[in-house]
Structure formats: structure tokens, C-alpha cells
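Heads up, the thing below is written out as C-alpha cells.
Lettering of chains follows the sequences in order, A, B, ..., and the numbering in each one begins at 1.
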Number of protein chains: 2
Amino acid sequence: MALPAASKPQPDDAKPMRADTERTVRAILEAAERVLSVDPAATMEQIAEAAGVARTTVHRRFASRDALVRALAAWATRRFHEAVEAARPETAPPAVALYQVTVNVLRVKIAWGFAMDALPVDAPEVARVHAEVLARCERLFVRVRDAGLLPPDADLNWVRRVYYALMHEAATHAPETDAALDALATRVVDTLLYGVGTRGTA
Amino acid sequence: MALPAASKPQPDDAKPMRADTERTVRAILEAAERVLSVDPAATMEQIAEAAGVARTTVHRRFASRDALVRALAAWATRRFHEAVEAARPETAPPAVALYQVTVNVLRVKIAWGFAMDALPVDAPEVARVHAEVLARCERLFVRVRDAGLLPPDADLNWVRRVYYALMHEAATHAPETDAALDALATRVVDTLLYGVGTRGTA
DNA sequence: AGGACTTGCGACATGAGAGTTGCATGTTCT
DNA sequence: AGAACATGCAACTCTCATGTCGCAAGTCCT
């Protein structure tokens, strides 16, 4: 799958990490996502075990439990941002952009769902990016509306909330293949626009 | 508002509680919902404070933190069940039942949202009721489909998931008046059936 | 190869929250 | 009114997660 060279887990990347360390940090973040999504009150020990490292190592990489949680939120937020940007929501044709954003975000949400929305966003860094993404999303829906896919008087705020809710729901059942992911995204967009009722759903 | 004589917070109601006690228990459950929805890891002390009682009193009513959480889940589940039943989903006309269930559940979800879906359901009592409600919900959607509101080949599982997701989202912004609640329920049902796209949204 | 860095392990300090008890003061119920 | 029961308060025990350290063994980089 070749991730796009994700970079900093901690605020400042003064020195480039040793390959060694980077792997460990990643393992810990992934373990934290997995473990915390099951039990948000899980201990450092449980996270360490899931990551396959000693508890002290976790503490070496993340000063405190809180720091780990914040790093996890920051990490997921970054990926979220990348997912949205990669869809070129400001320039691609509205319908295409909407679909593309859906696929990309779904992919991230499946892997980092817990960190993305069950985590407090008191970190300024995270809040800023969230606001940025929110703005992108709002502008995208304006474009979608202007393209005639939404009625001129649509409540864009409600549209966005419904969109988020559908994403959230869709992300709970991870598809196996890329084809299934596409199908899922299609379903989300379709449902958003036309609902599940008796209409031309295809 | 006159709650419908809600009964047992703890598994067995051998002796009727003293009016005194009942108030305290209720205050604690309500406080727990409020406090835990903000911070699921909140302490007994915080819950006690929010309930306006001493920490020891909480322990007197609920043997352990776990017992409190389970009681909270059981309580919310009971109210959930009542909300669905009160809409007579098996006998009322499908469209009416769907709307009525939506209003009723929305009301409960606004007050007990955390306990309803952010809580582990390992208690058999809770799981049983959840399953029961799920079955009711599935049968309701069959009726809704047979009434022609859903296409004959609709994926009822997806329909239900979307419905839940919309409820969840709608319940995050508590309306002030009953009229606003009706409007919200209408919006949920409308969105479920017709989406937010360009169509006859009435 | 060799210095720099990382990790696992065991041991320890600390603090916070859960859970308990006894007693004096209120509140309910009949 | 009076028995029965609930509450607040203060003090205490205990468990457990967090956070630290030093050291020996392993891994990375050039």
C-alpha cells in the first residue's frame, strides 16, 4: 500500500529519527489505536503489549499517557487532512471530488477511527487542522450545491453532519478489497443524496 | 413531562425504595450520564459532586464503579425500550410508526445518549432488550418497505444502520421545544428516505 | 568495525481512585 | 412521635497505573 511517507509523530522533528525508532513509534501508535478503540481506558501496559514492546519503551517515546494520546490524535488528524487534500476538493468536478473525498476519508477512518473522533481536541495543532478540513468540506458542499446536486436552499450544515454520520457508520465495517471500498463510498454518496427510499437509486 | 413511573435501577426490586433513596439514585444516574458523556474516565468523586451527594453515598447505592455503569446502561436501555414500544411499531401505519419511533427515541437519546451507545453491553439483561428492540426495528422496516416507502430490493440492514446514524447525529443538538423536536424527527425521516439531494423534499 | 542509540528488564517511588467503616445528623414513613 | 433508614463526614486500606532509573544486550548508521 505504500503510505505517503508520513512524517512527524511529535511536534518537532528536529533530527530525523532512526529507522529503528520510527518503526517502534508507528507500532505504538497503531497499537494505541487498536487497543483504545476497544477500551478507551486501557493502560500503557496493554498498549505496550499490543505493540510488542516493553512498557518502558512506550514511556521513552511518549513522556506521558496524555502525550501519547495527543500524539495519536495529531497523527490521525494529519492523515485525515492528507486524505481530504488528496481529493483536490476545490478544483476537481464537485461530484468527483465528493466521491474521492469519501473514498479517501473512509480509508483513513477505517484505520484510525478512534483517534479521529473519540479523542478530545484541546491541542491547538489538531484543532487548527480540523477547522481547516471543516472549511474545505463546507466549500466542497457549496460547489456540489452550485452544480445542482443539492437544492439551492439546502441546509449545508445539516448536509455536512449527515455526511459525517454516514461516513462514521460506513467505517465501522471495514471492507476487504478496494472494490468493496469503492462500493461502500458509492453507497455513502448515494444515500447522502438520495436516501434509502423509493427513488432512482441507480 | 411526567415520566412513566420508571422502575428498577438495580436488577432486583425486592422492596419498594424510600422516596428519599429513589431521588438520590436518579440524581446519581443523571449525573453519571452527564459527567461520563464528557469524560468516560470520570471518577466516582466527580459523579458524586455532579449529583450533589457525598462520594460514600454513591458507593452505598452502587457497590462498585462497574455496578454503577451497568445500572446506567440498564436504565437507559429500559427507557429506550419503552420509547420504541410506545410507538406501537407493529400495529400503527408504517409511516406513522416510523415517525413516532423517531420522536420517542430521539427524546431518550438526547437525555441518555452516552449510556445508550458508548457503553459495553456485556450484561445479559441489556443485551436481551437490545436484541428485542433490534428485532422490532427490523420488522418495522419490513412493514415500511411493504408499504412502498422503500424499494423491494432495499438492503434493510443498511437502512437500519443509516437510520441509527442519523438519529445519533440528530441527538447531538438538543432542541428546546417540542415543536423543534418534531421538526428534527421529520428531518431525520425525510433524510433517511430521500437524502439531502435535489428531489421533492416537500 | 565501532560509536551512538535503542531496547528489555527489574526495581522502585508516587499518587490517585476504589471501596469500607463508624458515628452524628437528617429524613421518611406510619 | 418514634422506629427505621439515608446521608455527610472523616479516616483508613489497598490496589494499580504512571512515571523513573540503571544496566546489559542488541541494532543502526557510516
Separation of B:R65 atom CZ from D:dT15 atom C1', in whole Å? 15 Å

With sequence neighbours left out, what residues match A:E169 under salt bridge (charged side-chain N to carboxylate O under 4.0 Å, His left out)? B:R161

Just jot down the ring pair (Phe, Tyr, Trp, His ring centres under 6.0 Å) partners of A:F141, sequence neighbours excluded, or say none. A:Y163

To the nearest angstrom, the CD1-P distance between B:I28 and D:dA6 comes to 12 Å

Report which part of the nucleic acid B:T56 touches: base, sugar-phosphate, or nothing (heavy-atom distance under 4.0 Å, all strands). base

To the nearest angstrom, how far is A:Q46 atom CD from D:dC16 atom P? 13 Å

I'd like to know if A:R160 and A:D155 make a salt bridge, using a cut-off of under 4.0 Å between side-chain N and carboxylate O. no

Contacts of B:H81 meeting side-chain hydrogen bond (donor to acceptor under 3.5 Å, both in side chains) (sequence neighbours excluded), chain-then-number -> B:E132

Set of residues satisfying side-chain hydrogen bond (donor to acceptor under 3.5 Å, both in side chains) with respect to B:D146, sequence neighbours excluded: none

Sorted by number, residues from residues 31-45 of chain A placing a heavy atom under 4.0 Å from DNA chain D are A:T43, A:M44

Taken in chain and number order and not counting sequence neighbours, the residues that satisfy side-chain hydrogen bond (donor to acceptor under 3.5 Å, both in side chains) with B:R139 are B:E90

Any side-chain N or O of B:T24 below 4.0 angstrom from OP1/OP2 of D:dT7? yes

With a 4.0 Å cut-off on N to O distance, would you call B:D178 and B:R107 a salt bridge? yes

Less than 4.5 Å apart, any side-chain heavy atom of B:R143 and any of B:L98? no

In whole Å, I'd like the distance from the CZ atom of B:R61 to the C1' atom of D:dG8. 13 Å

Which residues pass the salt bridge (charged side-chain N to carboxylate O under 4.0 Å, His left out) test with A:D122, sequence neighbours left out? none

Quick one: B:R60 CZ to D:dT7 P, roughly how many Å, whole number? 7 Å

Could you run through nucleotides 24-30 of chain D and give me one letter per nucleotide, 5' to 3': B if any protein heavy atom sits under 4.0 Å from the base, S if only the sugar-phosphate is that close, - if neither? ---BSS-

Quick one: do A:R26 and A:E22 make a salt bridge, cutoff under 4.0 Å? no

What bend angle does the helix from C:dA1-D:dT30 to C:dT30-D:dA1 show across its length, from five-pair end axes and to the nearest 10 degrees? 60°

Leading and trailing nucleotides of DNA chain C with any atom under 4.0 Å from heavy atoms of chain B: C:dG17 to C:dC29

B:P175 meets the side-chain contact (heavy atoms from CB on, under 4.5 Å) criterion, sequence neighbours left out, with B:I110, B:A180, B:L181, B:L184

Does A:Y99 have any ring pair (Phe, Tyr, Trp, His ring centres under 6.0 Å) partners at least two apart in sequence or in another chain, and if so, which? none

Which residue lies toward the 5' end of DNA chain C, A:T57 or B:R55, if each is placed at its nearest nucleotide? A:T57

Do NZ/NE/NH1/NH2 and the carboxylate oxygens of B:R70 and B:E125 come within less than 4.0 Å? no

